[in-house]
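Only heavy atoms go into these numbers, but all of them, side chains included; no hydrogens, no water, no symmetry mates. Computed from a predicted structure; not experimentally measured.
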Amino acid sequence: MTPAAVTSMLLHHLVTGSHAEGITALGVEAVIEHEDRVLLIAEPGPDFTDETWQLPGGPVLPGQTLTDALHPAVAAIGLTIDKITGYLGHHDHAGQHTTRPAIRPASPRR
């Protein structure tokens, strides 16, 4: 999949479109690739038995842009990013009023 360019217009559209649809919380996810592999993080389920695999990510806090929020989300797993290479899409969490765009950073560093 070829990612779309991350522009200020795209980021603005994602945020305003989400708010127009009643989305009350935003999050961001990083698609980190290395040698044809994608990094996934194991997240425990509510009873610690139903583990799921997630892209690294986190919430967009008040005053942050989507790209601002990407840096602490990636730092939480011990990586840093120099630049973002594309927008891959987004998904909404039904019932939670949350949307999470997936953004591809350039090769992260430790």
OG1/Thr65 to CG/Leu14 distance, rounded to the nearest 0.5 angstrom? 11.5 Å

Applying side chain to side chain contact (heavy atoms under 4.5 Å, CB included), name anything that partners Ala5, two or more places apart in sequence or on another chain. Thr7

Pairing residues for Leu39 by the side chain to side chain contact (heavy atoms under 4.5 Å, CB included) criterion, not counting sequence neighbours: Ile32, Ile41, Pro56, Ile77, Leu79

Is there a continuous path of hydrophobic side-chain contacts, each under 4.5 Å between heavy atoms, that joins Trp53 to Leu88? yes

Val74 and Ala30: which non-hydrogen atoms are nearest, and at how many Å? CG2-CB, 3.8 Å

Heavy-atom closest pair (Val6 atom, Leu10 atom, distance to 0.1 Å) is CA-CD2, 4.2 Å

Within the structure provided, determine whether Tyr87 and Leu66 are in side-chain contact (heavy-atom separation under 4.5 Å). no

What residues form a side chain to side chain contact (heavy atoms under 4.5 Å, CB included) with Thr16, not counting sequence neighbours? His12

What pair of heavy atoms forms the shortest contact from Gln64 to Ala69, and how long is it? OE1-CB, 3.5 Å

Partner set under side chain to side chain contact (heavy atoms under 4.5 Å, CB included) for Ala73, not counting sequence neighbours: none

Under 4.5 Å between any side-chain heavy atoms of His71 and Ile81, yes or no? yes

